[in-house]
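Down below is the structure, laid out as structure tokens.
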Amino acid sequence: MFFFAAALLASAAASANDIYIHAGRVLAEPASGRVLAEQTIVVRHGRIAEVRGGYVDGPGREINLRDKFVLPGLIDSHVHLCHENGPNDRMNRVTMTAADWAIQGARFANITLRAGFTTVANLGDENDAIFALRNGIERGDVPGPRIVAAGHVLSPHGGDGDVHGYRPDVAATIRRSNLCSGADDCSRVVRNQIQRGADIIKIVATGSVLADVAQGVGLQFTDAELQAIVQTAHRMGRRVTAHAHSTDGVNAALRGGVDSIEHGTFLDDASIKLFKASGAYLVPTLLAGATVTAWANDPESFLSAPAKAKALEVGPKMLEMGRRAHAGGVKIAFGTDASVAKHGTNARELSLLVQAGLTPLEAIRAATVGSADHLGLSKEIGSLAPGKLADIVAVDGDPLAAVSELEHVTFVMKAGVVYVDAQD
Ligand SMILES: [Zn+2]
């Protein structure tokens with residue numbers, strides 16, 4: 001039956017609704033690295049029907065990208081679309097409703113899509129606004145990237161994902177449903193997040209830079225809690241990604257079976273062995289490291305004293321961490337932690353990955369096939385192959401020569417719909 005359906009789809013007749021993209025140069029399969037010249041990408045029902053040599057015409061519309069470099073839509077595996085960090089963070093948490101966060105998220109989603117990011121993973125929110133934004137984008141109500149949403153981050157009570165810096169009675173009213181203590185309680189919270197709509201489970205295994213509390217960046221969950229979270233999430237078909245800075249946090253999370261590590265600042269040789277043994281991905285978020293370092297060194301900085309101390313401990317180490325992980329053969333997925341850096345500047349991460357030793361092609365792989373695999377979406381996105389979603393971007397120059405070209409995309413299509421076309 002499946003074969004029959006696939007055969008039907010492949011033979012679906014060409015129609016006036018088809019789109020024929022004439023592409024001067026195409027990196028259709030980042031895994032191979034092969035650049036093809038003068039290709040036609042045929043888009044049908046939002047998916048890629050075929051990639052053919054030469055400039056071919058058909059009954060549908062033609063899009064002229066003959067002087068462009070064309071590649072798959074970019075994927076950012078770590079963003080927070082509903083806000084941008086700044087001096088009003090603490091006040092926003094007690095003044096903005098979930099509806100306010102959602103409307104703000106719609107603006108940042110549009111900015112992110114227009115920067116060439118056609119899929120993102122949203123790893124942690126104040127409330128459930130992200131699920132409404134995800135669903136609204138999917139329905140076509142508002143423009144934005146496809147969203148893999150985590151909802152709330154899981155944290156131990158009093159840990160990094162709890163609320164800090166408020167009067168206890170205020171904290172009690174804004175505390176979220178993301179806190180757990182003990183293995184059974186952590187399983188319960190994982191199930192609750194999935195019930196609320198989580199596509200992926202995000203945990204804060206260690207302290208973080210921007211939490212307004214002086215508890216360092218070390219491990220916070222117990223081993224039993226980590227294992228319970230991973231087992232529960234996996235049995236319900238969800239991946240687990242762990243925010244982790246300290247060495248003990250990275251290694252305990254990997255031993256606990258998480259599928260990926262966000263940041264990974266103090267990873268060591270033992271971590272690299274654990275990454276390679278399990279096949280876990282690292283999401284280095286070098287752009288977040290560069291951004292918090294700049295904030296901490298700014299005398300007018302809005303950071304609280306504990307956040308500033310942690311920024312100076314973590315930020316300057318991240319590029320070297322990326323270098324060590326890449327040299328050690330760890331699988332790298334692309335993620336920026338945008339909301340720290342401004343939404344829409346996501347592609348700056350590519351140049352930082354190149355500074356960490358990746359070639360431009362390797363950096364582009366991280367942002368396409370790598371992140372697609374990391375998020376479990378390889379069948380749908382990451383390359384321009386027949387049957388996959390027509391997520392396509394283009395730039396004027398050659399990103400394999402200068403990866404910063406991708407900071408200025410001039411064409412963006414998501415699922416066959418054009419959102420940016422420099423010719424317009
Ligand atoms: Zn984050």
Side-chain angles (χ1 to χ4, degrees), residues 75-86 89 92-93 101 104-105 108-109 112 117 119-127 129-130 133-134 145 147-155 159-164 176 178 193 198-213 217 220-221 239-246 249-250 253 258-266 281-293 295 303 307 310-311 313-315 317-318 321-322 332-346 348-349 352 367 371 374-375:
I75 303 164
D76 191 329
S77 308
H78 188 152
V79 301
H80 303 275
L81 282 179
C82 290
H83 73 291
E84 265 175 6
N85 290 101
D89 283 350
N92 289 343
R93 203 170 282 139
W101 289 95
Q104 186 166 265
F108 292 135
T112 302
F117 288 81
T119 303
V120 299
N122 205 83
L123 299 186
D125 293 281
E126 294 297 321
N127 47 57
I130 193 65
L133 182 60
R134 175 193 64 191
I147 297 174
V148 176
H152 298 318
V153 297
L154 260 73
S155 163
D160 192 87
D162 204 337
V163 292
H164 301 280
R176 295 158 286 172
N178 60 331
Q193 288 308 311
D199 303 307
I200 185 169
I201 296 298
K202 161 83 177 297
I203 66 172
V204 278
T206 74
S208 78
V209 170
L210 295 179
D212 194 4
V213 63
V217 293
Q220 298 190 338
F221 277 115
R239 287 165 197 244
V240 179
T241 193
H243 156 110
H245 288 298
S246 67
V250 170
V258 301
D259 301 284
S260 47
I261 296 287
E262 310 291 326
H263 318 303
T265 310
F266 294 100
Y281 271 91
L282 171 68
V283 185
T285 67
L286 303 178
L287 182 56
T291 305
V292 298
T293 305
W295 284 346
L303 294 181
K310 289 183 287 179
E313 182 187 353
V314 164
K317 301 276 167 40
M318 295 192 73
M321 170 279 298
I332 290 176
F334 180 102
T336 60
D337 210 355
S339 82
V340 181
K342 292 205 171 309
H343 294 291
T345 67
N346 316 56
R348 288 173 57 210
E349 178 82 14
L352 293 169
S371 287
H374 156 59
L375 295 172

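Counting starts at 1 for both ligands and their atoms, in listed order.
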Q.
Using only atom types and a distance under 3.5 Å, with no angle test, would you say the side chain of Thr285 pairs donor to acceptor with the backbone of Gly335?
A. no
**Q.** Residue Glu262, metal the Zn ion (ligand 1), N/O/S under 2.8 Å
**A.** no
Q: Spell out, as yes or no, whether a donor-acceptor pair under 3.5 Å connects the side chain of Lys317 to the backbone of Thr265.
A: no
Q) Name of the Asp337 N, O or S atom nearest the Zn ion (ligand 1)? A) OD1
Q.
Test your reading of the model: is there a side-chain donor-acceptor pair from His343 to the backbone of His80, 3.5 Å cut-off?
A. yes
Q) Testing Ile75, Val120, Thr336 for side chain to side chain contact (heavy atoms under 4.5 Å, CB included) with Asn346, which one passes? A) Thr336
Q. If the Zn ion (ligand 1) is the vertex, what is the angle to NE2 of His80 and NE2 of His78, rounded to 10 degrees?
A. 100°
